[in-house]
Amino acid sequence: MAIAYLGLGTNIGNKRRNMITAAALLAERVGDVLALSGFYETEPWGFESENFFLNAAVKLKTSFSPLELLQITQQIEKELGRAEKSNGVYHDRIIDIDILLYDDEVLQTPELTLPHPLMLERKFVMDPLAEIAPFVVHPVLKERIIDLKERL
């Protein structure tokens, strides 16, 4: 079993329902949800929109590999109405599920990079992650999440 930390975000539709539904589907399909952060209202990052985001972080225990977990999260996004993933161009979305950390794994494939390569630039990721995983150590930087968040 592995411990994975995921970031959730939504800025269209019924945002609270989108977040709760995504967390419930993760619990049903991926493994035990060990922690869910509070919901953080944040401004869009990387693009202009009138719609504020709700963001959260989830801690899961799972038996799936990182790439299997990615496939499941992408399927959940599609089921909830997400048309496509952002490929460097950001836009409004009904749900976004990103794998932030997976145990101490460092991985770089065309489909998935772990730890998430942009997490340290994103307050909307680090604030909820620090709430549920303040003393988890970043596997590359060897620093605690709470300390990395403080430098944002």
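For reference, positions follow the sequence shown, starting with 1. It should be emphasised that the depicted structure is a prediction, and the values quoted were computed from it without experimental measurement.
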Between Leu6 and Leu69, does a side chain to side chain contact (heavy atoms under 4.5 Å, CB included) hold up when you go through it step by step?
CA-CA 10 Å; Leu6 309 182; Leu69 179 57; 4.1 Å; yes
Locate the shortest heavy-atom distance separating Phe39 from Ile20; write the atom from each residue and the value.
CZ-CG1, 4.1 Å
Please report the C-alpha distance between Glu131 and Lys149 in whole Å, then the side-chain angles of each, then the deciding distance to 0.1 Å, and finally whether the salt bridge (Lys or Arg N to Asp or Glu O under 4.0 Å) criterion is met.
CA-CA 10 Å; Glu131 178 187 326; Lys149 178 199 121 145; over 6 Å; no
Report yes if some heavy atom in the side chain of Arg151 is under 4.5 Å from a heavy atom in the side chain of Glu143; otherwise report no.
yes
Measure the shortest side-chain to side-chain distance between Pro139 and Leu101 over non-hydrogen atoms and say whether it is less than 4.5 angstrom.
yes
Side chains of Ile76 and Ile95 in contact at under 4.5 Å (non-hydrogen atoms):
no
Taking C-beta and beyond as the side chain, do Val33 and Lys59 meet within less than 4.5 Å on heavy atoms?
no
Should we say atom CD of Glu50 is surrounded by more than 12 heavy atoms from elsewhere, each under 6.0 Å from it?
no
Can you confirm whether more than 12 heavy atoms, excluding those of Arg29, are under 6.0 Å from its CZ atom?
yes
So with a 6.0 Å cut-off around CD of Glu68, is the heavy-atom count from everything else above 12?
yes
Are side-chain heavy atoms of Phe53 and Thr10 found at a separation under 4.5 Å?
no
May I ask you to decide whether Arg144 forms a salt bridge with Glu150, counting only side-chain N to carboxylate O separations under 4.0 Å?
no
Are Asn55 and Asp127 close enough that some pair of their side-chain heavy atoms sits under 4.5 Å apart?
no
How many angstroms lie between CD in Glu79 and CG in Leu25, if you round to the nearest 0.5 Å?
6.5 Å
With a 4.5 Å limit on heavy-atom distance, are the side chains of Ile145 and Tyr5 in contact?
no
Answer yes or no: is there an ion pair linking Glu41 with Lys15, defined by an N-O contact shorter than 4.0 Å?
no
If we ignore angles and hydrogens, is there a donor and acceptor under 3.5 Å between the side chains of Gln71 and Gln75?
no
Give a yes or no on whether the backbone of Pro44 and the side-chain of Asn11 come within a donor-acceptor separation of less than 3.5 Å.
no
If we only count heavy atoms from C-beta on, is the Asp98 to Thr73 side-chain gap below 4.5 Å?
no
I would like to know whether Asp32 and Leu60 meet side chain to side chain contact (heavy atoms under 4.5 Å, CB included); could you show each step before the answer?
CA-CA 6 Å; Asp32 293 336; Leu60 295 163; over 6 Å; no
Taking Asp96 for the side chain and Leu8 for the main chain, is one N or O donor matched with an acceptor at less than 3.5 Å?
no
Heavy-atom count check: over 12 atoms from other residues, nucleotides or ligands less than 6.0 Å from Glu111 CD?
yes
Tell me if a side-chain donor or acceptor on Asp103 pairs with a main-chain N or O of Ile3 at a distance below 3.5 Å.
yes
